[in-house]
Structures are given as C-alpha cells and as structure tokens.
2 protein chains.
Amino acid sequence: MGDLREPLNELTDCGLPGALEVMGERWSFMILRASFNGLHHFEEFLTELGIARNILSNRLANLVAHGILNREPCADDKRRIEYRLTEKGFDLLPAMLALRQWGQKYGVEITENPVLVDEVDRLPIGPVSILSHDGRILGPEDLRLTEPENLGVRADGTTAVPGKFGKNGNVAHLAGTSARAVNG
Amino acid sequence: MGDLREPLNELTDCGLPGALEVMGERWSFMILRASFNGLHHFEEFLTELGIARNILSNRLANLVAHGILNREPCADDKRRIEYRLTEKGFDLLPAMLALRQWGQKYGVEITENPVLVDEVDRLPIGPVSILSHDGRILGPEDLRLTEPENLGVRADGTTAVPGKFGKNGNVAHLAGTSARAVNG
DNA sequence: GTTTTTAGTTGCAACTTGCAATCTATCTAA
DNA sequence: TTAGATAGATTGCAAGTTGCAACTAAAAAC
C-alpha cells in the first residue's frame, strides 16, 4: 500500500504556526506585556525589560509589521515615537494572560503587588478559560476533534454521529487523523 | 517619591517570564500541540513536525525537565519511549488555544478540519476568555491594576487575597509591572 | 551653535539552530 | 548468536540569531 505518512501538516491548517511566527520570538510577549502595562516608548521598554537596543528595535519593527503595535511619532516631540497596541494586539490578551497564569501556577510563589482586577467589583479576575459556544467552562476532557460533517446541530436536534472516543479512556481529544499532505 | 513606576525586578514577579522560559523556545508549542493531538513517540513528532532530530531531542528533554511531558520507556519495547502530557502540560491548553484562535482570526483563511468541539453537544468551542471571579466574560476595558489593599470585598465578606490558582475556577490574580493601568 | 535626548544602526563575539552522519541500546529473525 | 533493523540521542559543522558597545541622525533644549 502507499505510504500513509500523512504529515500532520494539517498542523499548518491551524492558527498556531501563524501566531508563533510573531509571538514565538524571544521577547515578543514581554514587549506585549509592557505595552499592556502602558509603556509606549523605546527607552521605556529598554529600561523596563533590560533588552538590548538592537533587539528591541528589531522586535518592535516586527510587531509593527505584523500589525500588533502602531508606530507614530508624538505630535509635541517628533523625536519620540509612540508604540501603541492595535486591536489585533489587544486580542492577544487572553493568550498572554493564560500563559502568565500558567507560569504563576507552576512558578515559585509570587506576591503580586498590583493585582489585575475586574473594574466593576475590584475583585481579582478568574482563570482564562475555554468556553463552549453557550458559555460553559470546558476542560481538556470535554474536548474532541470532529469532522465538519459530524458537527452537532443547534436547535433541531439532528445528532447523527456515533460516539467514537470514550470520555476518558483513549482520550483522543484532539487526535487528528484525516488525510492531507502539504509537502511530499 | 511620586513616581510609582517600579523597576525591572517587578517583571520577574509575574508568571510570564517563567512560562516563556520553557514555552518561548521555538518548537515547544508545536510539540505541545502534537502531544495534545495524541502523538507520543520521537519518530512521530519527527515526521509530523518536520523538526530536526537534535532539536526535537533537546526540546523534548526540556519539556520533560520542566514537568510538561512525562518520559517513560514502553514496557513491551524498551527502545520506544513514550512522551505523555502531565497535568502541568494539560494546563497549557488554554494558552495554546488562545494563541491558536488568535492566529486563526488574523491569519490567512483557514478551514479548520477537524474542528475542536465540545463533546457534549458537538458544537465548536467558543473563544478562550478572560472571566471575572463570578464567570462574567471580561474585555481589556474591564480590567484594572490595583494595589492589594484596594481590592474589593466578596459577597461573603472574605477578602480576595491573591494566591496560586487552584484546579479550576479559583480566584486568579495577575501581577502587573508598573503602577500603570492595563486598560486603554 | 553646542549639547542633550530619543530612536535606530553597525561591528563583532558568543550562542543557537538545524541538516547529515554517527552512535548505542534494544528488538527481531535466521 | 550473529546480522540487521529500529528508536532515540549525540556530534560536527555551516548558517542564523542574540546581544553588548560604540556610533549615527534628527529633533529639542540651552
């Protein structure tokens, strides 16, 4: 039979490689975090992050090129350049917080001084969560990969798929098996 | 006094650098994703990811050293080594999905196949979200950095003291760097 | 007009990446 | 029990990346 080595280059069908192209760079997330924290200028990033000038220059240019930061000289002092998060940049907030919460859960004990809170009640936010379409919080065991034609139906109850994977046994949640090759 | 800006060491008080120490490496997230997808062996990762042997070896060792993967020779064939996600590894799922969803939102058109669904109703999951302590979905504009002594008080009268994250749905808290606000 | 500030570039050494070939331990088959 | 295949890891070398330090360039301040 033919070679079934179907490179899971469906991997390239997923958003992850694209995201990592920008955010996989060594300092990108730290710069992003500094931006979320209200830093806007070259020398600010430089001193707060302890990054080398050339690398910072390069990373900022990269983030700008990818539309995550906006680069604009200040009106009052045209030497100063403001780097500001775009909407695309702000959309990275869940990813950054999730990483951060993970690091916090498994890192050494940390006493945080400024705490990130919900503005409404000033209580610390909860964990970044995977939600179902209707807002239930999902864990890894609730997830599963399925072919588009086997998707559930919202209201009219036409569930036509035999359950292949057990809930916890061979939890093939996310097990990708469909065929598709990109290279040879 | 007056300048509330705190220096670099505050940055190291946040979970992000710790998380990036492992997951900031070039292939870590892709290997993690392959693991989520049910791959367990060296040669599987090798062919599916198209990564170099030495790099894969190195990254796997790194992920094992950081407790994200478990490394165990198979009982029946002691040449074969099984790499399996630990709980710590599974806890990276929200971060990975958030990144992936972001990449998907802003990347080139992608037809996701297979689709990640909620096992209960087989409908595609919703976006990874930042939740308040009581489950409301928060956006960047709902967030604020605050000093611990200015935290709100919960309905039951207990103070929300920042601590580590519990298993699920516990109170979260994220340190900020400077005394600047997160919101725009 | 000289100096200072802000952002960015260039030179060079140290480190990291990744392909190809090699190595070790184990399993299988004659 | 030796030959051969297989799984994983290691080494050598070329190419690329990182980062310190010193330098340029332009706008602002003096």
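These numbers come from the heavy atoms of this one structure, side chains and all, not from hydrogens, waters or symmetry mates. Within every chain, numbering begins at 1; the chains are lettered A, B, ... in the order of the sequence lines, protein sequences first and strands thereafter.
Crowding of B:Glu82 atom CD: a count of heavy atoms from other residues, nucleotides or ligands under 6.0 Å exceeding 12.
Using a 4.0 Å cut-off between a side-chain N of Lys or Arg and a carboxylate O of Asp or Glu, A:Arg53 and A:Glu43 qualify as a salt bridge.
A:Ile137 and B:Ile137 fall within the same hydrophobic cluster, defined by Ile, Leu, Val, Met, Phe, Trp and Tyr side-chain heavy atoms under 4.5 Å apart, directly or through other members.
Each end of the helix from C:dG1-D:dC30 to C:dA30-D:dT1 gets its own axis, taken as the rotation carrying the C1' atoms of four end pairs onto the next four within a five-pair window, and the two axes meet at 10° to the nearest 10 degrees.
Applying the side-chain contact (heavy atoms from CB on, under 4.5 Å) rule to A:Ile55 yields the partners A:Trp27, A:Ile51, A:Ala52, A:Arg59; only residues at least two apart in sequence or on another chain are considered.
Atoms NZ (B:Lys78) and C1' (D:dT6) sit 16 Å apart, rounded to a whole Å. When the P atom of D:dA7 is taken as reference, atom CZ of B:Phe45 falls 14 Å away, rounded to whole Å.
In this structure, B:Ile31 CD1 and B:Glu25 CD are separated by 9.5 Å, a value rounded to the nearest 0.5 Å.
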**Criterion side chain to side chain contact (heavy atoms under 4.5 Å, CB included) on A:Asp121 and B:Arg136, from CA distance to verdict** = CA-CA 11 Å; A:Asp121 54 17; B:Arg136 281 168 290 120; 3.2 Å; yes
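Taking 4.5 Å as the limit, some side-chain heavy atom of A:Leu97 sits within range of a side-chain heavy atom of A:Ile125.
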**Prompt:** If the sugar-phosphate is the primed atoms plus P, OP1 and OP2 and the base is the rest, what is the B/S/- string for nucleotides 7-20 of chain C, using protein heavy atoms under 4.0 Å?
**Reply:** BBBBB----SSBB-
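A pairwise comparison of heavy atoms in A:Phe29 and A:Met96 identifies CD2-CG, 3.8 Å as the closest pair.
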